[in-house]
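Here's the structure, in structure tokens; my notes come after.
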Amino acid sequence: MRVVEGPLQAPFVLPFEVQDLGMDDPQQLSAAGLGEVMAAASPEALEQVRIKYLGRQGLVTGLMRGLGALPADARRDAGARLNALKDALADAVAARGAELARAARAARLAGERADVTLPVSSDRVGRIHPISQTIDEIIAIFGEMGFAVAEGPHIEDDFYNFTALNIPPEHPARQEHDTFYLPERADGSRLVLRTHTSPVQIRTMRAQPPPLRIIVPGRTFRCDHDATHSPMFHQVEGLVIDRTTHMGHLKGCLIEFCRAFFGIEDLPVRFRPSYFPFTEPSAEVDIGCSRSGGELRIGAGADWLEILGSGMVHPQVLRNCGIDPDEYQGFAFGMGIERVAMLKYGIPDLRTFYESDLRWLRHYGFLPLDIPSPVRGPLR
Ligand code: DAH
């Protein structure tokens, strides 16, 4: 069947005079047929018209059947003309069908039309939790410095969580960690919920040859619960191992991070001698703040706030991972994610992070369609 492109033009012209057919009422039949085709308002209505004229019991089909009664001469001539009538109606049906399909598509597209330049209605989308947001920001900043993200299991054994990190069985740090232990195994050992992200340092150094530059954001667990402690919390660990890495790299990297994270270019950063079993020397990192008028403000001021622990990786830790400390050295750091999120976004109570309170999330959460940037203040 020939499909006629373009809108159907009325009147649709038959290629002959119907009365030439010499049969009852064909003129009326063709005019009526074409009229009904053009008037069909839906594909279903059009199909009904097609069946009425061209179907097996159709009117045109009936005329064709009547041809047999005509004398031979007249039959050939009338047959040709009836065929032309049938083709003309079929073409008209096809053309009208295409026109209806085009109109239906145009109507559907008009209904689906959306103005993508309109601003997002913030009440209709959910919010990104401040912990996820903070992790994204930390990854973005260290990502720009060439750090890759590494992960490790939440359930650890004693070796990765303590021993390989130079925390032997009787070491006081074990008590300080308020460890959650799993039930004793057949050999008397007990798995633990990792008390920090530092075991992933060990896993990474044992799995990949140096140089290494990784951060490890993830969940950690300690048996502790008050306004500043939760039994499940998050840390981000950092580890850099190379042949010539030194304390200057540690300081430069962490100063750069603190200033980028808090979005304060001249944020004072202080390195204070400290002790961790897995680093030597060790330093805690403080940022400048002021507490005048009972309000905490990050930036230049009279006070200091501790935000992370760091140090040069202890030679024994390197040896525990099969790395020769005479050839390689590096630095590591660890930071509490809730703590820096609370400071950056002014969230006063750590417990609220895990209360699943939608009003809290609407207040402190972030819009998923916001323009990404490493440094971003809360959206209201
Ligand atoms: N693991 C320490 C903690 O949970 C944090 C830490 C301090 C990690 C110093 C480090 C580091 O990698 O060098 O308190």
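Both counts, for ligands and for their atoms, begin at 1 and track the order of listing. Here the structure is a predicted model, which is why all the values come from computation and not from measurement.
Note on residues 320-340: pairs passing ring pair (Phe, Tyr, Trp, His ring centres under 6.0 Å), not counting sequence neighbours, are F142-F333.
Using a 3.5 Å distance cut-off with no hydrogens or angles, the side chains of Q48 and E44 do not pair a donor with an acceptor. Side-chain contact of T195 with N161: a donor-acceptor pair under 3.5 Å is present, judged by distance alone.
F278 and V240 are assigned to two separate hydrophobic clusters, defined by single-linkage of ILVMFWY side chains at heavy-atom distances under 4.5 Å.
Pocket lining of ligand 1, defined as residues with a non-hydrogen atom under 4.0 Å away: H196, S198, Q201, R222, Q235, E237, F276, F278, T279, G309, S310, G311, A332, F333, G334.
Here E327 pairs with R243 under the salt bridge (charged side-chain N to carboxylate O under 4.0 Å, His left out) rule; sequence neighbours left out. Legend: residues meeting side chain to side chain contact (heavy atoms under 4.5 Å, CB included) with P43, ordered by chain and number and at least two apart, are L100.
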